[in-house]
Amino acid sequence: MPTNRSTTTGSLLAALCPDLRTALTRVGYDADTLLEVLGDAHAALGRSEPVPVRRAARAAGELGTLIRLLLLGDALPEREVAAALAPVEMDRAVAAGLLEREGDEVRAALDLRPLDTGAGTRWVLSDLDDSMRRRTLTEDHVLGVGHASLSLLRATPTRPVGTVLDLGTGCGVQAVHAASYARRVTATDVNPRALWLAEATAALNELDIELVEGSWFDPVRGRRFDQVVANPPFVVGPGRVEHTYRDSGLALDGASELVISQAADLLAPGGTAAMLAAWVHVDDEDWRGRVSSWLPAHGVDAWVVQRDVADPALYVGTWLRDAGADPRDPATQARAERWLDAFEAADVAGIGFGFVYLRAIDGPTELLAEDLTHGFDDPLGEEAFRYFERSAWLRAVAGDENLAWSSRFVVDEATALERVYLHDAEGWAPEVARLHRGDGPRWQHEVDEATISLLAGMHADGLPLYDLIELLALAHGSDAVGTEFAADALSVVTGLVRHGLIKPV
């Protein structure tokens, strides 16, 4: 496994992984079995409530031992742990940093949990957090699989590609996920501790992942990848580093600006990037313009999806608690004051968070930045690919309008028409009509009766768009399609294509 780092403990941990994998497999320490054994108590893990989990684990034999050891952080008799982890030798496990002794008992020194990333169970090693035991996180703390990591997993395109770069790999979960759809995976991190845990995670899952230490894009400068994934230290705040997994040392949204502005340089032709990012909302400034200013002028098709906007005070409190800080502690309150002072000095009214997708194209940069704050179930990864396919068609239309007029369209099978009526003195009066997309991001478009009639005539073996427009014009009492009427119709059609409510055939 290529790397420019040498750490004795890290090497011992990676060397331990074949026996550790044997033990985890033998006992059934996998995502499906844990869910089955814990039942309703499984949800208690996410609520940081150890008692229901501990009670369920008592009747689970050696698997229960590993649940208590690795998920709850309980100290257990060494003989009991040795039996559950056989053939792992306890002395080797302690020397490698997986376990630590407390008299006749042992505790987990690392977090080790199973995760199904879509290709079966994978095991992920990281530092222990404070979810089950109060602890203070160190600066080089390596975060496990948190909400942000899971969000990016679900939002990452997974069509087969040749090469993937995982920028800022942390515990390696994105790289492990990428190994299921890429032939070669490269992962970077500035934190040596993150790299040795990522190395062990790769070894535990029998994966060959290239690990390279360095800051931002420096370790892979000049190389090109078919896909880039990044969960960078995007936390917005003053330019200091308290925890490398979240703090970049760049003020405000400087980390997101750096990654978004430079990621395209590492994309092969047609390559795609999927990244988490955050940006500040400043009074009298459109957040879309802010993000747009970070993109290069040429060579990128960008889709930016804002999932949430947080109040500055809520944002600061959330991230302080994330690091295990007690908001009642005077030192924590002083940190919060400095953080909010920095926001106030920069006129920060809110902090936006979401996904940034880039595709390398040959032409001027294009950007669609939009809010997607409503709920939806389907992951965005496949939607991102479809978005770029639709965007490529729309670019072709922009260069040759006749392509649109000569095309036939169909209404996507997941598109539904909703009519809303309000009651008045004369009965029910139509208020609004909407098209709903029933899958993916669940987009909605308000439409008029002319658009509804236009879509009603769209079939795979139906008329080209211009012929449909002509029929629509006749229905409205015109013998010819006027320039304004045609332009309005084409604008509606392209908008519906962009969101996948209709598609060319």
Exercise for the section: State, with a plain yes or no, whether a side-chain heavy atom of Thr188 is found less than 4.5 Å away from one of Leu165. Expected result: yes
Completion exercise
In short, Met275 meets Val259 closest at the heavy-atom pair SD-CG1, 3.3 Å
Exercise for the section: Report yes if the side chains of Leu195 and Glu199 come closer than 4.5 Å at any heavy-atom pair, otherwise no. Expected result: no
Practice task
Look at Asp127 together with Arg193 and state whether they make a salt bridge at an N to O cut-off of under 4.0 Å.
Solution key: yes
Problem - Pair Asp218 + Arg221, salt bridge at N-O below 4.0 Å - result: yes
Exercise for the section: Could you tell me whether the side chain of Asp311 and the main chain of Leu314 form a donor-acceptor pair under 3.5 Å? Expected result: yes
Handout entry: Pair Trp279, Glu257: side-chain N/O donor-acceptor within cut-off below 3.5 Å
Key = no
Handout entry: Under 3.5 Å: donor-acceptor pair, side chain of Thr201, backbone of Leu197
Key = yes
Problem - Ring geometry between His177 and Tyr181 (parallel below 30°, tilted from 30 to 60°, perpendicular above 60°) - result: perpendicular
Exercise for the section: Could you list the residues that satisfy ring-ring contact (aromatic ring centres under 6.0 Å, His included) with Tyr29, not counting sequence neighbours? Expected result: none
Handout entry: Sole residue of Thr272, Val220, Leu267 in side-chain contact (heavy atoms from CB on, under 4.5 Å) with Val228
Key = Leu267
Practice task
Evaluate the side-chain proximity of Trp303 to Leu358: yes if any heavy-atom separation is below 4.5 Å, no if none is.
Solution key: no
Practice task
Taking the side chain as every heavy atom from C-beta outward, state whether Val304 and Leu367 have any pair of such atoms under 4.5 Å apart.
Solution key: yes
Exercise for the section: For Leu152 and Ala230, work out which heavy atoms get closest and say how close. Expected result: CD2-O, 3.5 Å
Handout entry: Side-chain heavy-atom pair Leu435, Leu455 within 4.5 angstrom cut-off
Key = yes
Handout entry: Side-chain (Gln227) to main-chain (Pro157) donor-acceptor, under 3.5 angstrom
Key = yes
For residues 32-40, which side-chain donor-acceptor pairs fall under 3.5 Å, sequence neighbours excluded?
residue: Thr33; atom: OG1; partner: Asp30; partner atom: OD1; Å: 2.8
residue: Thr33; atom: OG1; partner: Asp30; partner atom: OD2; Å: 3.0

Handout entry: Arg107 with Glu100: basic N within carboxylate O range, under 4.0 Å
Key = no
Practice task
Would you check if there is a donor-acceptor pair between the side chains of Asp412 and Thr415 at a distance under 3.5 Å?
Solution key: no
Exercise for the section: Go through the steps for Asp371 and Arg288 under the test salt bridge (charged side-chain N to carboxylate O under 4.0 Å, His left out), then give the verdict. Expected result: CA-CA 10 Å; Asp371 287 289; Arg288 296 168 181 83; 3.1 Å; yes
Exercise for the section: Please report the closest heavy-atom contact between Leu276 and Ala148, naming both atoms and the distance. Expected result: CD1-O, 3.4 Å
Exercise for the section: Evaluate the side-chain proximity of Leu72 to Val53: yes if any heavy-atom separation is below 4.5 Å, no if none is. Expected result: yes
Handout entry: Carboxylate-amine/guanidinium contact Arg154 Glu382, below 4.0 Å
Key = no
Problem - Face-on cation placement of Arg159 at Phe385 ring, 6.0 Å and 45° thresholds - result: yes
Exercise for the section: Just say parallel, tilted or perpendicular for the rings of Trp443 and His499, cut-offs at 30° and 60°. Expected result: parallel
Exercise for the section: Run the numbers on Phe409 and Trp393 for ring pair (Phe, Tyr, Trp, His ring centres under 6.0 Å), then give the verdict. Expected result: CA-CA 13 Å; Phe409 295 83; Trp393 186 86; 5.7 Å; yes
Exercise for the section: Mark yes or no for whether Tyr357, through its side chain, and Ala155, through its backbone, hold a donor-acceptor pair below 3.5 Å. Expected result: yes
Handout entry: Leu380 and Pro441, any side-chain heavy atoms less than 4.5 Å apart
Key = yes
Handout entry: Partner of Asp301 by salt bridge (charged side-chain N to carboxylate O under 4.0 Å, His left out), out of Arg390, Arg395, Arg498
Key = Arg395
Problem - Approximate separation, where rounding is to 0.5 Å, of Ile502 CD1 and Leu496 CG - result: 5.0 Å
Handout entry: Thr365 (side chain) donor-acceptor with His298 (main chain) under 3.5 angstrom
Key = yes
Handout entry: Distance-only polar pair, side chains of Asp166 and Thr169, donor-acceptor under 3.5 Å
Key = yes
Practice task
Give a yes or no on whether the backbone of Gly170 and the side-chain of Asp189 come within a donor-acceptor separation of less than 3.5 Å.
Solution key: yes
Practice task
Could you tell me whether Arg54 and Asp74 make a salt bridge, using a distance below 4.0 angstrom between a side-chain N and a carboxylate O?
Solution key: yes
Completion exercise
Looking only at heavy atoms, the pair that brings Leu70 and Leu112 closest together is CB-O, 3.7 Å
Problem - Pair Arg184 + Glu210, salt bridge at N-O below 4.0 Å - result: no
